[in-house]
Undergrad: 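Encoded as structure tokens, here's the structure I'll be asking about.
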Amino acid sequence: MSGRYQAVRGMRDLAAADAAELRQVEDQCMAVARAFGFEEIRLPLVESEELFSRGIGVGTDIVSKEMYAFDDRRGKRLALRPEGTAGCARACIERGLLHNQTQRLWYSGPMFRYERPQQGRYRQHDQFGAEIFGVAGAEADAELIQMTAAIWEALGIGHAVRLEINAIGSGASRAAYLEALVAYLSPYESELDGDSRARLRMNPLRILDSKVASTQRILEEAPNLADYLDATEREQFHSLRELLDALGLSYRVNPRLVRGFDYYTHTVVEWTTEGIGAQDAVGGGGRYDGLIELLGGRPTPAAGFAMGMDRVALLRQAVTEGSPYRSTDVYVVMQDGKHVPEAMAAAQALRVRVPGLRVRLHAGGGGLSAQFRRADRSGADWAMIVGEAEIAENRVSLKWLREDRPQAFASIEEAAAMIRDAQTDGR
RNA sequence: GUGGGCGUAGCUCAGCAGGUAGAGCUCCGGAUUGUGGAUCCGGCGGUCGUGGGUUCAAACCCCAUCGUCCACCCCA
């Protein structure tokens with residue numbers, strides 16, 4: 001296809017049913033977040049590169065090799081956001097939203113990571129995320145998990161996802177553990193896989209979730225992170241587990257769960273699934289009590305999560321039947337091209353009387369046969385006919401396309417009433 | 001960033017001991033000039049991803065490149 005423009009690698013167009021599917025996922029996420037008392041925040045897609053390198057960590061894969069970073073016209077170093085939390089934290093600090101108050105915020109939109117595309121992994125992908133600022137302790141963590149679970153239920157995929165949690169400490173406990181881990185692993189350095197060897201210096205914690213079998217064997221005897229948590233941290237994790245148990249939310253404690261951002265502290269959370277390929281993480285998050293201070297704000301506890309809506313849409317298609325995609329409820333056909341004004345007026349009159357009804361006017365001419373064929377293929381339940389006879393009596397004909405019912409010759413009000421009745425009956 | 005598979009009509013694909021492109025579906029029209037879904041008839045539609053090489057001749061062989069899919073990796 002050279003000579004023709006094509007979408008940039010890893011960035012997709014979503015049309016028709018695919019777009020509708022993603023929209024449904026986003027709508028459900030928003031509805032649940034609102035029901036939990038979260039407010040929307042709209043954030044820039046572009047931030048200074050340093051916000052991400054400092055916030056996420058220079059040693060992380062995302063910052064070191066997956067960021068879309070560039071200079072603007074005056075040489076300022078910018079980056080397309082690879083995730084939402086850093087920008088959200090920046091916005092809250094900058095706007096003073098954390099001054100003696102808590103915040104419960106949600107956002108939705110595209111994230112950018114320069115990765116090799118594959119099933120469920122795109123260079124531009126849509127995330128929905130939520131953050132709680134200013135609340136320490138396990139309740140916020142538990143509530144975020146409860147909310148995520150509610151989203152899965154709303155989407156009908158609750159049975160297809162699993163929750164894993166872990167406590168990774170912070171501050172002194174983390175430092176002590178890292179020291180012990182590096183001390184333990186260093187003698188094995190030459191036996192580690194290449195990635196892990198590099199991480200021994202850059203980001204030792206990440207070695208824990210290496211999937212290389214030989215590395216995992218070495219890790220079997222490694223010091224245990226849980227043993228290094230202080231009393232407060234243990235208590236906090238215990239509280240979280242109690243809350244989850246009380247709520248009937250099932251989970252698995254995975255002591256090797258470590259996430260790819262440096263800002264996480266205490267609690268980390270990951271939701272995974274089977275059945276959408278190798279990219280099995282559909283959501284994740286955790287507590288990040290140090291991030292606000294790191295970015296220049298006053299010390300503020302915080303926790304959040306994000307989910308990949310593209311993957312959720314994939315999963316939903318895989319595990320739910322889903323009704324066939326339809327773009328139209330009423331398809332307006334006309335006897336002759338000269339009836340366009342009356343047909344347009346009738347279509348609009350119907351839209352006004354039945355809010356939300358998708359009324360589509362036939363365009364492009366053609367005989368009635370062709371128009372009805374289009375009406376049928378649009379998935380519409382009704383065809384509304386505007387012709388000489390209808391116009392003469394200021395009426396329309398309403399034809400049921402999916403049910404064996406007689407065609408009605410009716411006023412717009414009567415047609416609207418019939419459609420409303422049929423819709424409330426649940427079709 | 002690494003490895004493998006695949007790029008032929010809008011879609012799904014066939015065509016490959018190299019001899020100048022096919023099917024089904026879709027779409028358009030007709031049978032049916034105020035009525036769709038079934039059937040029948042007809043039609044539109046392709047620089048065979050792109051560039052180069054080998055050859056009298058390349059969709060087919062070779063090289064490169066781009067894209068895509070899958071896995072690694074990473075994450076959502």
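The sequence lines fix the lettering, A, B, ..., with proteins before strands; numbering per chain opens at 1.
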Undergrad: Classify the ring geometry between A:Tyr228 and A:Tyr177 as parallel (under 30°), tilted (30 to 60°) or perpendicular (over 60°).
TA: perpendicular
Undergrad: Quote, to the nearest angstrom, the C1' distance that separates B:rU20 from B:rU35.
TA: 47 Å
Undergrad: Give none if B:rA31 has no partner; otherwise give the nucleotide forming a Watson-Crick or G-U wobble pair with it, both distances under 3.5 Å.
TA: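 When the pairing criteria are applied, B:rU39 turns out to be the nucleotide that pairs with B:rA31.
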Undergrad: In Watson-Crick or G-U wobble terms, both distances under 3.5 Å, what is the partner of B:rG7?
TA: B:rC66
Undergrad: How about A:Glu221 and A:Tyr184: does a side-chain donor come under 3.5 Å of a side-chain acceptor?
TA: no
Undergrad: For RNA chain B, which residues of residues 199-215 of chain A approach it to below 4.0 angstrom with any heavy atom?
TA: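 Going residue by residue through residues 199-215 of chain A, the ones with a heavy atom under 4.0 Å of RNA chain B turn out to be A:Arg199, A:Arg206, A:Lys211.
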Undergrad: Sequence neighbours excluded, which residues qualify as side-chain hydrogen bond (donor to acceptor under 3.5 Å, both in side chains) partners of A:Glu233?
TA: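 side-chain hydrogen bond (donor to acceptor under 3.5 Å, both in side chains) check on A:Glu233 returns A:Ser170, A:Ser173.
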Undergrad: So, are A:Asp193 and A:Lys211 salt-bridged, with charged N and O less than 4.0 Å apart?
TA: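 Salt bridge: no.
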Undergrad: Rounding to a whole Å, what distance do you find between A:Asp280:CG and B:rA71:C1'?
TA: 13 Å
Undergrad: Counting only Watson-Crick or G-U wobble pairs whose two distances fall under 3.5 Å, which nucleotide matches B:rA76?
TA: none
Undergrad: Identify the two heavy atoms, one from A:Val359 and one from A:Arg351, that lie closest to each other, and give their separation to 0.1 Å.
TA: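 Here A:Val359 and A:Arg351 meet closest at O-NH2, 3.0 Å.
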Undergrad: In residues 365-375 of chain A, what residues come within less than 4.0 Å of RNA chain B, judged by heavy atoms?
TA: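 Within this stretch, A:Leu368, A:Ser369, A:Ala370, A:Phe372, A:Arg373, A:Arg374 sit under 4.0 Å of the strand.
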Undergrad: Please give the distance between the C1' atoms of B:rG52 and B:rC66 as a whole number of Å.
TA: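 It comes out at 14 Å once rounded to the nearest Å.
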Undergrad: Could you tell me how the ring of A:Tyr263 sits relative to the ring of A:Phe261: parallel (under 30°), tilted (30 to 60°) or perpendicular (over 60°)?
TA: parallel
Undergrad: Write down the distance separating the P atoms in B:rC62 and B:rU54, rounded off to the nearest Å.
TA: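 Their P atoms lie roughly 15 Å apart.
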Undergrad: How close do A:Met309 and A:Ser108 get, heavy atom to heavy atom, and via which atoms?
TA: CE-OG, 3.2 Å
Undergrad: Give one of base, sugar-phosphate or nothing for A:Gln124, where a contact means two heavy atoms less than 4.0 Å apart.
TA: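 The residue A:Gln124 makes no contact with any strand.
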Undergrad: Please check if any side-chain donor atom of A:Thr272 sits under 3.5 Å from a side-chain acceptor atom of A:Glu164, or the reverse.
TA: no
Undergrad: Could you work out the separation of B:rG43 and B:rU26 based on their C1' atoms and round it to a whole Å?
TA: 14 Å
Undergrad: In whole Å, what separates the P atom of B:rG45 from that of B:rA21?
TA: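 Straight-line distance between the two P atoms is 15 Å.
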Undergrad: A:Tyr122 has an atom OH; how far is it from atom C1' of B:rC70, in whole Å?
TA: 12 Å
Undergrad: Give the rounded distance in Å between these two atoms: NE2 of A:His362 and P of B:rG36.
TA: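 Roughly 14 Å, once rounded to whole Å.
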Undergrad: Is the count of non-hydrogen atoms from other residues, nucleotides or ligands lying under 6.0 Å from A:Glu179 atom CD greater than 12?
TA: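 For A:Glu179, atom CD is not crowded (no more than 12 foreign heavy atoms under 6.0 Å).
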Undergrad: Rounding to an integer number of Å, can you tell me how far A:Ile385 CD1 sits from B:rU35 C1'?
TA: 7 Å
Undergrad: Using the C1' atom as the point on both nucleotides, what is the distance between B:rC28 and B:rG53, in whole Å?
TA: 42 Å
Undergrad: What's touching nucleotides 66-68 of chain B from the protein side, N or O pairs under 3.5 Å?
TA:
from	atom 1	to	atom 2	distance (Å)
B:rU68	OP1	A:Gly10	N	3.4
B:rU68	OP2	A:Arg9	NH1	3.0

Undergrad: My understanding is that only residues two or more places apart in sequence, or in another chain, count here; which of them pass side-chain hydrogen bond (donor to acceptor under 3.5 Å, both in side chains) with A:Glu413?
TA: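 A:Arg353.
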Undergrad: Which side chain to side chain donor-acceptor pair (under 3.5 Å) pairs, counting each pair once, include a residue from residues 358-376 of chain A, with sequence neighbours left out?
TA: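 The answer is A:Asp329-A:Arg358, A:Tyr331-A:His362, A:Asp376-A:Arg402.
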Undergrad: Take A:Glu26 and A:Arg23, measure what salt bridge (Lys or Arg N to Asp or Glu O under 4.0 Å) needs, and give me the verdict at the end.
TA: CA-CA 5 Å; A:Glu26 187 176 36; A:Arg23 170 66 58 202; 2.8 Å; yes
Undergrad: Out of B:rC75, B:rG36, B:rC72, which has the shortest distance to the side chain of A:Ala278?
TA: B:rC72
Undergrad: Between B:rG46 and B:rG22, how far apart are the two P atoms, rounded to whole Å?
TA: 14 Å
Undergrad: May I ask you to verify if any side-chain N or O of A:Gln119 is less than 4.0 angstrom from the OP1 or OP2 atom of B:rC70?
TA: yes
Undergrad: In Watson-Crick or G-U wobble terms, both distances under 3.5 Å, what is the partner of B:rA57?
TA: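 WC or wobble partner does not exist here.
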Undergrad: A:Arg377 side chain N/O closer than 4.0 Å to the phosphate oxygens (OP1, OP2) of B:rC27?
TA: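 A:Arg377 to B:rC27 OP1/OP2: side-chain N or O found under 4.0 Å.
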Undergrad: Pick the C1' atom in B:rA58 and in B:rU2, then give their distance to the nearest Å.
TA: 32 Å
Undergrad: Would you mind reading off the distance between A:Asp195 atom CG and B:rC74 atom P, rounded to a whole angstrom?
TA: 6 Å
Undergrad: According to the Watson-Crick and G-U wobble definitions, with both distances under 3.5 Å, which nucleotide is paired to B:rA71?
TA: B:rU2
Undergrad: Could you check how far CG of A:Asp61 sits from C1' of B:rC75, rounded to whole Å?
TA: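 My rounded result for the distance is 9 Å.
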Undergrad: Between atom CZ in A:Arg121 and atom P in B:rA71, what is the gap in whole Å?
TA: 10 Å
Undergrad: Output all residues satisfying side-chain hydrogen bond (donor to acceptor under 3.5 Å, both in side chains) with A:Asp404, sequence neighbours left out; order by chain, then residue number.
TA: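 side-chain hydrogen bond (donor to acceptor under 3.5 Å, both in side chains) list for A:Asp404, sorted by chain: empty.
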Undergrad: Go nucleotide by nucleotide along RNA chain B from the 5' end; which of A:Gly387 and A:Ile62 gets its closest nucleotide reached first?
TA: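 First, find each residue's nearest nucleotide; the 5'-ward one identifies A:Gly387.
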Undergrad: Can you tell me the pairing partner of B:rC16 across any strand shown, Watson-Crick or G-U wobble, with both distances under 3.5 angstrom?
TA: none
Undergrad: Tell me the interatomic distance from A:Phe112, atom CZ, to B:rA76, atom P, rounded to whole angstroms.
TA: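 Atom-to-atom, A:Phe112 to B:rA76, this comes out as 16 Å.
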Undergrad: Any Lys/Arg nitrogen of A:Arg316 or A:Glu21 sitting under 4.0 Å from an Asp/Glu carboxylate oxygen of the other?
TA: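 Salt bridge flag = yes for A:Glu21 with A:Arg316.
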Undergrad: Mind listing the residues from residues 254-266 of chain A sitting with a heavy atom below 4.0 Å of RNA chain B? Number order is fine.
TA: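 Nucleic-acid contacts, sorted: A:Arg259, A:Gly260, A:Phe261.
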Undergrad: Under the side-chain hydrogen bond (donor to acceptor under 3.5 Å, both in side chains) test, which residues partner A:Asp280, sequence neighbours left out?
TA: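 For A:Asp280 there are no side-chain hydrogen bond (donor to acceptor under 3.5 Å, both in side chains) partners, ignoring immediate neighbours.
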Undergrad: Does NZ or CZ of A:Arg123 lie under 6.0 Å from the centre of the six-membered ring of A:Tyr114, at an angle within 45° of the ring axis?
TA: yes
Undergrad: Does anything in residues 303-313 of chain A reach RNA chain B, meaning a heavy atom under 4.0 Å, and if so which residues?
TA: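 The stretch gives A:Ala306, A:Gly308, A:Arg311 as the residues lying under 4.0 Å from the strand, ordered by number.
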Undergrad: Using distance only, find each side-chain donor-acceptor pair of residues 27-39 of chain A under 3.5 Å and give its atom names and separation, not counting sequence neighbours.
TA:
none

Undergrad: With salt bridge (charged side-chain N to carboxylate O under 4.0 Å, His left out) as the rule and sequence neighbours excluded, what pairs involving residues 107-122 of chain A come up?
TA: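 Found A:Glu115-A:Arg121.
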